[in-house]
Structures are given as C-alpha cells and as structure tokens.
Enquirer: 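Below: one structure in structure tokens.
Nothing fancy with the numbering, it's 1 onward along the sequence.
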Amino acid sequence: FSLQENVYFGVTESGRIRNDANLKIDWEVISDFTLGISVYSNYDNQVSEIASSNFDYGLVVNIGYKW
C-alpha cells in the first residue's frame with residue numbers, strides 16, 4: 001500500500017496551484033507473482049490552452065512476476 005500526495009504552488013505564476021496524487025496497492029497472490037491497482041489524479045487551477053479540463057484521473061491494473 002502506498003499513497004503519495006504532492007502540491008505545487010506557483011512561484012513565477014502568482015496564484016497557480018497544482019496537485020498530483022497516487023494510490024497504489026499490490027498483492028502477492030502466489031510466491032513472486034503480484035497483482036496491483038493504481039489510481040492517480042492531477043489538478044491544475046489554471047487550464048492550459050491545449051487542455052480542455054483542469055482535472056485528470058485514471059486507473060491502472062498491473063500484473064508482475066519477480067525472479
């Protein structure tokens with residue numbers, strides 16, 4: 001289980017705030033075989049000209065094997 005939260009305040013751009021969050025959970029299903037889920041979100045209070053939204057989120061599912 002891992003949770004990471006980062007907040008960035010604009011130094012050169014007054015009033016700009018950005019946020020990155022990640023939540024990751026891994027299970028060892030069988031010896032050396034893992035299954036994981038990761039959820040992320042990103043926020044920027046000043047939308048760029050290219051982006052259509054100031055909030056982004058997603059879900060990633062992964063499998064892994066260690067030897």
Side-chain angles (χ1 to χ4, degrees):
F1 176 78
S2 169
L3 175 63
Q4 183 179 7
E5 182 77 30
N6 297 314
V7 177
Y8 307 98
F9 297 97
V11 176
T12 58
E13 299 174 82
S14 181
R16 186 170 191 183
I17 300 172
R18 292 178 288 164
N19 179 41
D20 293 326
N22 293 300
L23 173 64
K24 183 177 181 181
I25 301 171
D26 289 321
W27 295 276
E28 188 168 350
V29 181
I30 303 172
S31 181
D32 297 329
F33 180 75
T34 60
L35 177 64
I37 296 175
S38 179
V39 179
Y40 68 88
S41 69
N42 305 91
Y43 171 77
D44 189 344
N45 72 337
Q46 295 181 3
V47 181
S48 69
E49 296 173 5
I50 302 168
S52 60
S53 175
N54 61 349
F55 185 71
D56 181 37
Y57 59 92
L59 173 71
V60 177
V61 178
N62 62 64
I63 57 173
Y65 182 78
K66 295 186 281 185
W67 62 86

Enquirer: Mind running side chain to side chain contact (heavy atoms under 4.5 Å, CB included) on R18 and N6 for me, showing each step along the way?
Expert: CA-CA 8 Å; R18 292 178 288 164; N6 297 314; over 6 Å; no
Enquirer: Could you tell me the separation between the CG atom of L3 and the CD atom of E5, rounded to the nearest 0.5 Å?
Expert: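 One finds 6.5 Å between CG of L3 and CD of E5.
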Enquirer: Are F55 and I50 connected, step by step, through hydrophobic side chains (Ile, Leu, Val, Met, Phe, Trp, Tyr) whose heavy atoms are closer than 4.5 Å?
Expert: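 No; tracing contacts between hydrophobic side chains, which count when under 4.5 Å, never links both residues.
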Enquirer: Measuring from Y57:OH to N42:CG, what's the distance to the nearest 0.5 Å?
Expert: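 It is 12.5 Å, given to the nearest 0.5 Å.
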Enquirer: Report the distance from atom CD1 of I37 to atom CH2 of W27, rounding to the nearest 0.5 Å.
Expert: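 So the CD1 of I37 and the CH2 of W27 are separated by 4.0 Å.
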Enquirer: Check the surroundings of atom CD1 in I63: do more than 12 heavy atoms from other residues, nucleotides or ligands lie under 6.0 Å from it?
Expert: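 For I63, atom CD1 is not crowded (no more than 12 foreign heavy atoms under 6.0 Å).
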Enquirer: Nearest 0.5 Å, what's the CG-OH distance between D44 and Y8?
Expert: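 Spacing of CG (D44) from OH (Y8) equals 12.0 Å.
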Enquirer: Kindly compute the distance separating CG (L23) from CD (Q4), expressed to the nearest 0.5 Å.
Expert: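 The CG atom of L23 sits 11.0 Å away from the CD atom of Q4.
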Enquirer: So N54 and Q46, do their side chains get closer than 4.5 Å, heavy atoms only?
Expert: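 Contact flag for Q46/N54 side chains = no.
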Enquirer: Begin with the C-alpha distance, continue with both residues' side-chain angles, and end with the deciding distance and a verdict on side chain to side chain contact (heavy atoms under 4.5 Å, CB included) for Y40 and D20.
Expert: CA-CA 8 Å; Y40 68 88; D20 293 326; over 6 Å; no
Enquirer: Kindly give the heavy-atom pair with the smallest separation between Y65 and S31, and that separation in Å.
Expert: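 Distance-wise, the nearest heavy atoms are CE1-O, 4.4 Å.
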Enquirer: Backbone N or O of Y43 within a donor-acceptor pair of the N19 side chain at under 3.5 Å?
Expert: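 It does not hold such a pair.
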Enquirer: Which value, rounded to the nearest 0.5 Å, describes the distance between S41 atom OG and N22 atom CG?
Expert: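 Going from the OG atom of S41 to the CG atom of N22 covers 7.5 Å.
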Enquirer: Does T34 offer a backbone N or O that forms a donor-acceptor pair with the side chain of D26 under 3.5 Å?
Expert: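 It does not hold such a pair.
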